[in-house]
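Structure, as structure tokens:
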Amino acid sequence: MKRVTIKVKVPNIEELEQRMKDISLEFEPTLYQHDRVYVPRGYRRGMSMPRLVMRTEMSSVDKPAIYKLIFKRHIEDSGIEITDRSVIRDYTEIVNMIQQLGFVLVSEVSRRRKRIKLSDTSRIYLDKIDKLDDYYLKIETALDENDKVSEVMSDLRRTLKLFNLSKEHISQESYFEILQKNDIINSR
């Protein structure tokens, strides 16, 4: 699936939450996610190379975890991210396949995620990354064949303004890159 995503570092979480309440946006219950991020040998940012993510997701301790394999590829020149995901049953077997394909584990990212479904194609996520003080807001929209990336990106930026956020708050780095930049121990 092709998506356009904009991610911002939230400068004031209390202000953001109040603005969301003011326009009647309400988050679903918190999800706990742990991602193990794999990249191909020779991976370099900005080269439109794929990443594979093994995600463990829990909605509460009394429910079983869900395991997902997520494929991500950011196409640098277009602003599009290709994302595919599948629920898996045998976590260990899939990790073995990933390693046999030549991908290497580069980081582990744990987070608490809240989400809002805006429409069938658009979501807002509020992420609190473990070991970081910051919150990040992501807005993503799935594209169909008639969508123009520039128009969708303009819509996402207008949505940011509703929350008093602007392009100065945008973060281009993935969470694993932010953790590595901050020399957080769960980077490999």
Side-chain angles (χ1 to χ4, degrees), residues 1-8 28 31-59 64-130 132 136-150 152-153 156 170-181 184 186-188:
M1 175 178 298
K2 293 180 181 177
R3 299 176 192 268
V4 174
T5 303
I6 193 164
K7 177 176 54 191
V8 296
E28 296 174 8
L31 293 173
Y32 300 91
Q33 297 177 332
H34 181 78
D35 291 352
R36 298 182 83 198
V37 182
Y38 295 85
V39 298
R41 288 182 177 89
Y43 176 85
R44 288 183 300 170
R45 185 178 188 352
M47 299 297 293
S48 300
M49 298 178 87
R51 294 187 314 255
L52 293 173
V53 177
M54 287 297 296
R55 176 169 292 162
T56 303
E57 186 173 276
M58 292 182 64
S59 57
I66 297 170
Y67 303 106
K68 298 177 182 177
L69 173 63
I70 303 166
F71 170 89
K72 290 186 173 200
R73 183 179 209 153
H74 183 76
I75 309 300
E76 294 297 323
D77 295 344
S78 68
I80 293 173
E81 182 171 85
I82 298 170
T83 305
D84 292 298
R85 63 189 73 217
S86 183
V87 174
I88 60 167
R89 285 189 278 170
D90 193 331
Y91 187 100
T92 304
E93 189 66 27
I94 298 298
V95 167
N96 185 45
M97 288 179 191
I98 290 170
Q99 291 170 337
Q100 292 300 315
L101 287 168
F103 283 71
V104 293
L105 177 64
V106 291
S107 185
E108 295 186 31
V109 179
S110 294
R111 73 174 147 267
R112 285 170 279 148
R113 171 170 275 183
K114 295 180 182 181
R115 63 183 171 194
I116 296 171
K117 182 179 178 181
L118 295 176
S119 69
D120 288 341
T121 58
S122 297
R123 307 272 189 285
I124 295 177
Y125 300 104
L126 180 63
D127 292 330
K128 173 63 176 89
I129 308 301
D130 289 1
L132 289 178
Y136 290 86
L137 183 81
K138 286 175 67 171
I139 307 171
E140 70 179 27
T141 298
L143 298 176
D144 67 29
E145 60 275 351
N146 299 321
D147 287 331
K148 292 188 174 147
V149 174
S150 60
V152 172
M153 200 56 140
L156 294 180
I170 293 175
S171 174
Q172 299 293 337
E173 299 168 310
S174 65
Y175 291 139
F176 89 85
E177 291 167 326
I178 293 168
L179 288 170
Q180 287 177 335
K181 184 174 82 175
I184 301 298
N186 66 348
S187 297
R188 295 198 182 243

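In this text, all values refer to a predicted model and were calculated from it rather than measured experimentally. Numbers for residues simply follow the sequence, beginning at 1.
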Yes or no on side-chain contact (heavy atoms from CB on, under 4.5 Å) for K117 and E28, after CA distance, side-chain angles and deciding distance? CA-CA 9 Å; K117 182 179 178 181; E28 296 174 8; 4.3 Å; yes

Between S174 and K7, the two heavy atoms sitting closest are CA-NZ, 3.6 Å

Side-chain donor-acceptor distances from residues 86-96 under 3.5 Å, at least two apart:
| residue | atom | partner | partner atom | Å |
| --- | --- | --- | --- | --- |
| D90 | OD1 | T92 | N | 3.4 |
| D90 | OD1 | E93 | N | 3.1 |

Can you tell me if CE on M1 sees more than 12 non-hydrogen neighbours from other groups inside 6.0 Å? no

Would you give the length of the straight line joining atom CD of E140 to atom CG of L143, rounded to the nearest 0.5 angstrom? 10.5 Å

Quick check: closest heavy atoms across P50 and F71, and the distance to 0.1 Å? CB-CE1, 3.5 Å

Could you tell me whether a side-chain N or O of D130 sits under 3.5 Å from a main-chain N or O of V109, the two making a donor and an acceptor? no

Please report the C-alpha distance between L52 and I70 in whole Å, then the side-chain angles of each, then the deciding distance to 0.1 Å, and finally whether the side-chain contact (heavy atoms from CB on, under 4.5 Å) criterion is met. CA-CA 6 Å; L52 293 173; I70 303 166; over 6 Å; no

Would you say NZ of K2 has more than 12 non-hydrogen atoms from neighbouring residues, nucleotides or ligands within 6.0 angstrom? no

Rounded to the nearest 0.5 angstrom, the CZ-CD1 distance for R73 and I80 is 13.0 Å

Note: I178 and S171 closest approach over all heavy atoms is CD1-OG, 3.8 Å

As an exercise, state the distance from CD of E57 to OH of Y67, rounded to the nearest 0.5 Å. 11.5 Å

Treating R55 as the side-chain partner and K68 as the backbone partner, does any N or O pair qualify as donor plus acceptor under 3.5 Å? no

Nearest heavy-atom pair of T141 and V152: which atoms, and what distance? CB-CG1, 3.9 Å

Inter-residue atom distance D127.CG - K138.NZ, 0.5 Å rounding: 6.5 Å

Hey, mind stepping through H74 and T5 against side-chain contact (heavy atoms from CB on, under 4.5 Å) and telling me if it holds? CA-CA 10 Å; H74 183 76; T5 303; over 6 Å; no

Donor-acceptor pair, side chain of D144 and main chain of N146, under 3.5 angstrom: yes

R115 side chain near L31 side chain, heavy-atom distance below 4.5 Å: yes

Could you state the interatomic distance from CZ (R111) to CD (Q33), rounded to the nearest 0.5 Å? 4.5 Å

Which atom pair, heavy atoms only, marks the closest approach of E108 to L179? O-CD1, 3.8 Å

Could R3 and E81 be called an ion pair, given the rule that one side-chain N must be under 4.0 Å from one carboxylate O? no

Report the C-alpha distance between R51 and F176 in whole Å, list the side-chain angles of each, state the deciding distance to 0.1 Å, and finish with yes or no for side-chain contact (heavy atoms from CB on, under 4.5 Å). CA-CA 11 Å; R51 294 187 314 255; F176 89 85; 3.5 Å; yes

In Å and rounded to the nearest 0.5 Å, what is the CD1 to CD1 distance from I124 to I6? 11.5 Å

How close do A65 and T56 get, counting heavy atoms only, and between which atoms? CB-CG2, 3.9 Å

